[in-house]
Protein chains: 2
Amino acid sequence: MTSTDPQRPAVRPTRQRRAVASALAGFDDFRSAQEIHDLISQQGESVGLATVYRTLAALAEAGEVDMLRNEDGEAIWRSCSDTHHHHLVCRSCGATIEVEGPAVERWTNAIAAEHGYADISHTLEIFGTCPECR
Amino acid sequence: MTSTDPQRPAVRPTRQRRAVASALAGFDDFRSAQEIHDLISQQGESVGLATVYRTLAALAEAGEVDMLRNEDGEAIWRSCSDTHHHHLVCRSCGATIEVEGPAVERWTNAIAAEHGYADISHTLEIFGTCPECR
DNA sequence: ACTGTGGTGAGAATCGTTCTCATGTTGCCC
DNA sequence: GGGCAACATGAGAACGATTCTCACCACAGT
């Protein structure tokens with residue numbers, strides 16, 4: 001049970017990862033990797049852009065941040081709760097609200113099953129203009 | 001009503017646009033711009049890649065094709081029906097089924113209204129493995 | 001045919017993202 | 001407390017999709 005152990009952590013707590021986590025804690029809308037990189041610089045830390053990308057990808061993989069794509073296909077991130085959810089995002093200021101929709105989850109699974117599709121996942125984002133920006 | 005006429009076609013039927021339309025008619029899954037460009041070449045036509053991009057963007061704008069982003073953020077297109085719908089896409093072979101979900105439309109509008117968001121739009125795609133690829 | 005407004009294409013330019021690889025850190029066993 | 005192997009980092013190069021530039025071409029209406 002040593003060589004076949006799949007539980008190898010492989011993630012070490014480094015200064016850089018702490019800086020990224022700290023930056024993520026500082027906002028609650030979606031930001032691009034470059035914006036997050038800038039934020040870290042503003043906090044007086046120095047972390048390479050490549051490391052920011054690597055760390056964000058790892059956090060997304062671990063389910064600790066949400067990653068989605070804006071209209072230009074650019075990846076944007078934000079920290080998130082650990083339950084499955086979707087987002088209601090303000091098109092103007094970026095304000096984001098997490099929403100849950102068990103009915104939607106059920107619907108997507110039903111539709112997929114109906115067509116024989118397996119191993120289902122889905123993306124759902126809602127965009128609008130928030131009360132502040134009306 | 002001449003200078004303010006918003007109905008100016010501004011779109012001319014050229015050999016290139018016909019070639020793109022023809023290529024789009026030849027498949028019913030989502031393809032990248034480069035793949036569509038290759039398809040056109042295989043059909044014996046020659047159209048610049050930039051023109052393919054321009055034409056696809058115009059068609060998407062006009063609602064004649066759907067454009068979405070794959071997991072890498074790359075834009076992919078396919079021709080579509082003109083009613084609002086979503087897609088069930090095979091992660092492996094790209095086979096695509098258009099699906100409609102009035103309930104989802106209602107749900108997104110309700111959620112948005114509940115939080116005071118206006119001018120709502122949404123994106124929803126379902127990914128899975130189709131029966132063929134199981 | 002003539003002309004002006006779009007349209008086109010080759011290649012350069014952008015820009016987000018990933019890769020390379022030499023160097024710095026960390027965890028850990030002694 | 002030292003030593004080592006594995007993992008992490010960063011600077012910059014490389015990549016790849018998309019857009020821009022700009023000189024040239026084609027369509028539509030006279």
Side-chain angles (χ1 to χ4, degrees), chain A residues 1-23 30-41 43-62 64-78, chain B residues 2-23 30-41 43-62 64-78 94:
Chain A
M1 256 184 251
T2 19
S3 56
T4 55
D5 185 358
Q7 295 314 110
R8 258 311 198 47
V11 172
R12 274 182 228 175
T14 64
R15 176 181 67 78
Q16 289 84 344
R17 291 195 231 236
R18 251 174 276 123
V20 172
S22 156
F30 282 87
R31 304 285 177 95
S32 72
Q34 318 241 10
E35 287 170 337
I36 293 171
H37 179 248
D38 290 349
L39 258 173
I40 293 172
S41 301
Q43 293 180 354
E45 294 273 359
S46 171
V47 177
L49 183 55
T51 299
V52 172
Y53 272 104
R54 276 186 291 240
T55 304
L56 287 172
L59 288 172
E61 184 80 15
E64 296 189 37
V65 303
D66 286 325
M67 185 266 262
L68 58 88
R69 304 256 171 200
N70 66 18
E71 297 209 333
D72 297 330
E74 194 180 353
I76 48 180
W77 284 272
R78 77 163 215 159
Chain B
T2 20
S3 57
T4 56
D5 184 358
Q7 294 315 111
R8 256 309 197 51
V11 171
R12 271 185 231 172
T14 64
R15 176 182 66 78
Q16 289 85 343
R17 294 196 230 235
R18 250 174 277 122
V20 172
S22 155
F30 281 88
R31 304 283 177 95
S32 71
Q34 320 241 9
E35 287 169 338
I36 293 171
H37 179 249
D38 291 349
L39 258 173
I40 293 172
S41 302
Q43 292 181 355
E45 294 273 359
S46 172
V47 177
L49 183 55
T51 299
V52 172
Y53 273 104
R54 277 186 289 239
T55 304
L56 287 172
L59 288 172
E61 185 79 15
E64 296 189 36
V65 302
D66 286 326
M67 186 266 263
L68 57 87
R69 304 261 172 195
N70 66 17
E71 297 208 333
D72 296 330
E74 196 181 351
I76 50 181
W77 286 271
R78 76 164 215 156

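Order of the sequence lines fixes the chain letters, A, B, ..., with proteins taken first and strands second; residue numbering starts at 1 for each chain.
Distance, A:Phe30 CZ to C:dG16 P: 19 Å, rounded to whole Å. Between B:Arg18 atom CZ and C:dG7 atom C1' there is a gap of 13 Å when expressed in whole angstrom units. Rounded to whole Å, atom C1' of D:dT9 lies 15 Å from atom CG of A:Leu56. Across the protein-nucleic acid pair, B:Asp72 atom CG and C:dC15 atom C1' stand 16 Å apart, rounded to whole Å. What separates NE2 of B:His37 from P of C:dT8 is a distance of 13 Å, to the nearest Å. What separates CG of B:Leu59 from P of C:dG7 is a distance of 13 Å, to the nearest Å.
Scanning for ring-ring contact (aromatic ring centres under 6.0 Å, His included) contacts around B:Tyr53 gives an empty result, with sequence neighbours left out.
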ask   = Could you write nucleotides 10-24 of chain D as a row of B, S and -, 5' to 3', where a protein heavy atom under 4.0 Å of any base atom gives B, of only sugar-phosphate atoms gives S, and otherwise -?
value = B------SBBB----

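Salt-bridge formation is not detected for the pair B:Arg18/B:Glu45: no Lys NZ or Arg NE/NH1/NH2 atom is positioned less than 4.0 Å from an Asp or Glu carboxylate oxygen.
Between the CD1 atom of A:Ile76 and the CG atom of A:Leu56 there is a distance of 12.0 Å, given to the nearest 0.5 Å.
By the 6.0 Å contact criterion, CD on B:Gln43 is enclosed, its count of non-hydrogen atoms from other residues, nucleotides or ligands being greater than 12.
At D:dC7, none of the side-chain N or O atoms of A:Thr14 fall inside 4.0 Å of OP1 or OP2 (strictly under the cut-off).
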What donor-acceptor contacts under 3.5 angstrom involve side-chain atoms of residues 67-75 of chain A, with partners at least two apart or in another chain?
unit_1, atom_1, unit_2, atom_2, d
A:Arg69, NH1, A:Gly73, O, 2.9
A:Arg69, NH2, B:Glu71, O, 3.0
A:Asn70, OD1, A:Asp72, N, 2.8
A:Asn70, OD1, A:Gly73, N, 3.2
A:Asn70, OD1, A:Glu74, N, 3.0
A:Asn70, ND2, A:Glu74, OE1, 3.3

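With a 4.5 Å cut-off on side-chain heavy atoms, A:Arg31 and A:Leu39 count as touching.
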